[in-house]
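Presented below is the structure to which this report refers.
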Amino acid sequence: MAIKASDKCFELVRHFEGCELKAYPDSGGLPTIGIGTTFYPDQKPVKLGDTCTIHQAKAWFMLDLKEAEEKLEKYLSKWNRDTMDQYRIDALLSFVYNVGYGETLMKKVNTNPNDVSIWGAFLLYSRVKADKDGKDNDGDGIVDEKGETKQVFGLLRRRQAEAHLYFKNELEFYEDLKK
Ligand SMILES: [Ca+2]
Ligand SMILES: [Ca+2]
């Protein structure tokens with residue numbers, strides 16, 4: 001059985017990626033439309049001023065998700081590929097779309113997909129390299145040490161939402177989760 005995203009995965013990623021029906025320049029100035037689409041399926045680039053419908057945005061985004069589907073197909077054990085519930089597939093697809101391969105998470109999922117520590121494993125992927133800013137960003141008492149990380153709250157919310165879907169089969173966006 002091939003790995004395929006359902007509407008739940010679409011909803012989850014759209015919530016965190018946003019959806020614009022009129023083309024806009026992304027942070028790097030690249031014209032972007034819908035849910036992070038920069039090239040149409042015919043390979044023509046998106047131009048500022050272009051508009052689309054929600055159905056088009058979804059269809060283009062589903063093509064982008066295909067890449068995550070193909071990756072997850074490789075990451076999951078055969079047993080998981082054959083038996084895993086769709087909502088868990090959706091949660092992992094959202095993760096792979098945003099992060100790619102997460103070794104700690106995938107190892108746990110493939111060892112025992114019901115292991116409760118998988119929730120915490122999702123949350124590991126919400127930290128980025130900290131700045132050399134004279135501050136102790138990870139609270140370990142050492143300022144600007146080698147390998148210091150800091151929490152990104154947007155990513156923490158996203159990982160919480162994925163873990164929530166994985167364990168509870170429902171969408172919860174953790175809007176109240178603040179610094
Ligand atoms: Ca530190
Ligand atoms: Ca620092």
Side-chain angles (χ1 to χ4, degrees), residues 5 8-20 23-39 46 61 64-65 67-72 74-77 80 84 87-179:
K8 267 205 179 107
C9 177
F10 170 70
E11 284 290 323
L12 178 56
V13 181
R14 186 181 67 172
H15 179 86
F16 289 103
E17 292 285 341
C19 180
E20 295 289 337
Y24 63 97
D26 76 357
S27 53
L30 195 62
T32 305
I33 200 166
I35 305 157
T37 294
T38 54
F39 284 88
V46 174
F61 169 62
D64 294 339
L65 258 187
E67 202 180 317
E69 291 167 352
E70 287 164 4
K71 282 184 187 165
L72 185 60
K74 291 195 191 95
Y75 300 163
L76 284 181
S77 67
N80 272 329
M84 188 167 270
Y87 63 92
R88 290 192 162 173
I89 297 286
D90 285 331
L92 292 172
L93 279 173
S94 167
F95 177 88
V96 170
Y97 177 88
N98 186 227
V99 176
Y101 182 67
E103 190 173 11
T104 305
L105 177 66
M106 288 305 163
K107 272 189 177 161
K108 281 181 185 289
V109 166
N110 281 330
T111 303
N112 173 10
N114 297 314
D115 179 355
V116 290
S117 75
I118 287 171
W119 191 305
F122 270 101
L123 305 189
L124 294 175
Y125 301 88
S126 61
R127 305 186 69 88
V128 298
K129 204 166 169 287
D131 312 310
K132 294 248 182 274
D133 55 0
K135 291 180 189 148
D136 176 17
N137 302 90
D138 55 7
D140 67 350
I142 309 165
V143 172
D144 291 347
E145 79 275 18
K146 193 167 181 282
E148 183 173 71
T149 59
K150 65 178 176 184
Q151 185 88 75
V152 176
F153 284 86
L155 290 179
L156 181 61
R157 280 183 52 221
R158 197 162 172 165
R159 298 290 91 83
Q160 283 279 25
E162 288 162 355
H164 194 102
L165 176 58
Y166 185 94
F167 281 100
K168 298 180 184 261
N169 188 16
E170 61 182 23
L171 291 175
E172 159 64 55
F173 296 125
Y174 289 84
E175 306 275 18
D176 295 338
L177 193 69
K178 291 267 156 58
K179 195 170 182 170

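As the structure lists them, so they are numbered: ligands from 1, and atoms in each ligand from 1. Note: hydrogens, waters and symmetry copies are ignored here, and every other heavy atom, side chains too, is used.
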Of all the N, O or S atoms in [X], which has the shortest distance to the Ca ion (ligand 2)?
| X | answer |
| --- | --- |
| Asp131 | O |
| Asp144 | OD1 |
| Asp133 | OD1 |
| Glu148 | OE1 |

N/O/S atom of Lys150 inside 3.0 Å of the Ca ion (ligand 2), strictly under | no

Do Phe10 and Lys8 have side-chain heavy atoms sitting under 4.5 Å apart?
-> no

For the Ca ion (ligand 1), what is the closest N, O or S atom on [X]?
| X | value |
| --- | --- |
| Glu145 | OE1 |
| Asp140 | OD1 |
| Asp136 | OD1 |
| Asp138 | OD1 |

Lys/Arg N to Asp/Glu carboxylate O, Glu103 vs Lys107, below 4.0 Å | yes

Test of ring centre spacing under 6.0 Å for Phe122 and Tyr166 | yes

Exam field: side chain Thr32 to backbone Leu30, donor-acceptor pair closer than 3.5 Å = yes

Is the backbone of Asn137 close enough, under 3.5 Å, to the side chain of Glu148 for a donor and an acceptor to pair up by distance?
-> yes

How far apart are the closest heavy atoms of Thr37 and Phe61, and which atoms are they?
-> OG1-N, 4.3 Å

Using a cut-off of strictly less than 3.0 Å, determine whether Gly141 has an N/O/S atom near the Ca ion (ligand 1).
-> no

Could you state the interatomic distance from CG (Asp131) to CG (Asp144), rounded to the nearest 0.5 Å?
-> 8.5 Å

